[in-house]
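Here's the structure, in structure tokens; my notes come after.
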There are 2 protein chains.
Amino acid sequence: MNNSKEIKKTGNIRLQSQNKILMAASTEFVLQGYRGATVQSIADRANLPKANILYYFKNKENIYHAVLEHTLQMWDEGIGDINPEDGPKAAIEKFIDAKVRMSFKHPESSKIYAMEIIQGAQHLKDFARTYQRKWVREKAQLFQQWIDNGEMRDVDPVHLIFLIWSSTQHYADFETQILTIMNRADYEDEDVETVISFLTDMILRGCGLK
Amino acid sequence: MNNSKEIKKTGNIRLQSQNKILMAASTEFVLQGYRGATVQSIADRANLPKANILYYFKNKENIYHAVLEHTLQMWDEGIGDINPEDGPKAAIEKFIDAKVRMSFKHPESSKIYAMEIIQGAQHLKDFARTYQRKWVREKAQLFQQWIDNGEMRDVDPVHLIFLIWSSTQHYADFETQILTIMNRADYEDEDVETVISFLTDMILRGCGLK
DNA sequence: TCATCTGTTGACCATATAGTTAAGTTTTTT
DNA sequence: AAAAAACTTAACTATATGGTCAACAGATGA
């Protein structure tokens, strides 16, 4: 007990610092890109001396790896599963709902992910090649079954997934543009619901489910 | 005549070099980001000595400005106009068609644009605040009229524009991911048509136009 | 109290990079 | 052909940056 308490205590300091660093680093990586984000700028944002940053993470690339790992975890949690028993309508509704909420809740994750892909997915190629490809194949097959059963219109399932990804992530990645165009300073809670119902409506109709 | 010929000649050398530099710079900026793209790397890609790059463009930021200007010109040309006389169906068809073709033809422009927006649109805020906002307002009004006339379903015109932007640009920006997932090396000509017909079909249905 | 482990930090270094300069070469003009 | 303008480029400079190190501080356990 005494032992575990002590471990927890030191562990907390570690985790606290690491978290502070990762948050600061995420912001810097989004704002300045990988090369543009300097260890010093991350340190400044985290209110820690540079050497302290490099005590917790051996080097800049390791910080980035940790940020990416966190991003992928978000992606994984936020994807919202598509279950056979839901049927196409509920499945699409849940999927869109999860992705939109994720976009509004963790825009930095979406942005870091987007920048990685745009720049050629150097660090994520394996992820896309294995995990993601498998995920898309599986879900596409599911949609295809629903199509074959006449439960939804005959639309290309893979492109359908791309459509849902792109239209939902857009609100995170292009936040700046969207807010500027709508002449607003920030998103509000009701925006999430508006977007969900707009996209759900459009896409369900596109799939002949409404 | 002699005079104009000579001017043209020198002008050509200038333009040729500048173009070579801008192409190389675009690639580097996409691949490495603004800070990550070094003048040397641009020089290498353009097969010119570094000092020569800086003879044509006073500094790195000027290169970037020139690249962005080119990007915005692409955006402007590729947006495809939305005309009142087309009616909603043809208008949406034309709009999607233009955007998708642009995405497949000039993915680097789309990528540079996307990275700028994701990073906070430091260099494009004015563009979005004036030109783009006006464009969206105008086109949204047009859609609203069609809606009021009962020519299309009552969907939020602004979000409709966002949907078309996001879903079409996705094929440029997330090229790497899409190709990896589809287990392909490159896009083919027929992909453009597939995407156009998929998105047109989905979105027209969403708008009750099919 | 002493020893050890964890964390903190200023000072330092090697290197990469943006940008300058000066000495050229080539092209254009007169 | 001579002068001027446009272009080319190696060498250099100042600075920013990633990363190391060594000295120190604080907690923990015996």
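Numbered from 1 within each chain, the chains take letters A, B, ... in sequence-line order. All values below come from the heavy atoms of this structure, side chains included, with hydrogens, waters and symmetry mates left out.
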Exercise. Do B:Q169 and B:S110 meet the criterion of a side-chain donor-acceptor pair at a distance under 3.5 Å?
Worked result: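 No - no donor-acceptor pair under 3.5 Å links their side chains.
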
Exercise. For residues A:E116 and A:Q122, is any side-chain donor paired with an opposing acceptor at under 3.5 Å?
Worked result: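 No pair is found: no donor N or O on one side chain lies under 3.5 Å from an acceptor on the other.
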
For this session: Decide if atom NE2 of A:H70 counts as having more than 12 heavy atoms of other residues, nucleotides or ligands within a radius under 6.0 Å.
Result: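 No - once you tally the heavy atoms of other residues, nucleotides and ligands closer than 6.0 Å, there are 12 at most.
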
If I take atom [atom1] in residue [X] and atom [atom2] in nucleotide [N], what distance separates them, rounded to the nearest angstrom?
X: A:I53; N: D:dT20; atom1: CD1; atom2: P; value: 15 Å
X: A:I63; N: D:dT17; atom1: CD1; atom2: C1'; value: 13 Å
X: A:Y55; N: D:dG18; atom1: OH; atom2: C1'; value: 20 Å
X: B:N47; N: D:dT9; atom1: CG; atom2: C1'; value: 15 Å
X: B:Q40; N: C:dT15; atom1: CD; atom2: C1'; value: 14 Å
X: A:N52; N: D:dG26; atom1: CG; atom2: C1'; value: 14 Å
X: A:D44; N: D:dA16; atom1: CG; atom2: P; value: 14 Å

Where does the angle between the aromatic ring planes of [X] and [Y] fall among parallel (under 30°), tilted (30 to 60°) and perpendicular (over 60°)?
X: B:W135; Y: B:F95; result: tilted
X: A:F127; Y: A:Y113; result: perpendicular
X: B:Y187; Y: B:Y171; result: tilted
X: A:H170; Y: A:F174; result: parallel
X: B:Y34; Y: B:F29; result: parallel

For this session: Kindly determine whether B:H65 and B:F57 satisfy ring-ring contact (aromatic ring centres under 6.0 Å, His included), including the steps that lead there.
Result: CA-CA 10 Å; B:H65 283 328; B:F57 297 89; over 10 Å; no

Problem set entry | Within residues 28-38 of chain A: residues closer than 4.0 Å to DNA chain D (heavy atoms) |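 Hits under 4.0 Å, by residue number: A:A37, A:T38.
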
Exercise. Going by heavy atoms closer than 4.0 Å, what residues in residues 17-25 of chain B are next to DNA chain D?
Worked result: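 Going residue by residue through residues 17-25 of chain B, none turns out to have a heavy atom under 4.0 Å of DNA chain D.
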
Exercise. Within the structure, does a side-chain N or O atom of A:R14 lie under 4.0 Å from either OP1 or OP2 of C:dG7?
Worked result: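 For A:R14, the contact criterion (side-chain N or O under 4.0 Å from OP1 or OP2 of C:dG7) is met.
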
Exercise. Does the pair A:K139 and A:D81 meet the rule for a salt bridge (Lys or Arg N to Asp or Glu O under 4.0 Å), with working shown?
Worked result: CA-CA 9 Å; A:K139 302 314 171 189; A:D81 219 2; 3.4 Å; yes

For this session: Evaluate salt bridge (Lys or Arg N to Asp or Glu O under 4.0 Å) for B:E175 paired with B:R184, printing each intermediate quantity in order.
Result: CA-CA 11 Å; B:E175 196 182 8; B:R184 298 255 299 279; over 6 Å; no

Nucleotides 19-22 of chain C: which of its N/O atoms have a protein N/O under 3.5 Å away?
unit_1: C:dG19; atom_1: OP2; unit_2: B:K60; atom_2: N; d: 2.8
unit_1: C:dG19; atom_1: N7; unit_2: B:K50; atom_2: NZ; d: 3.1
unit_1: C:dG19; atom_1: O6; unit_2: B:K50; atom_2: NZ; d: 2.7

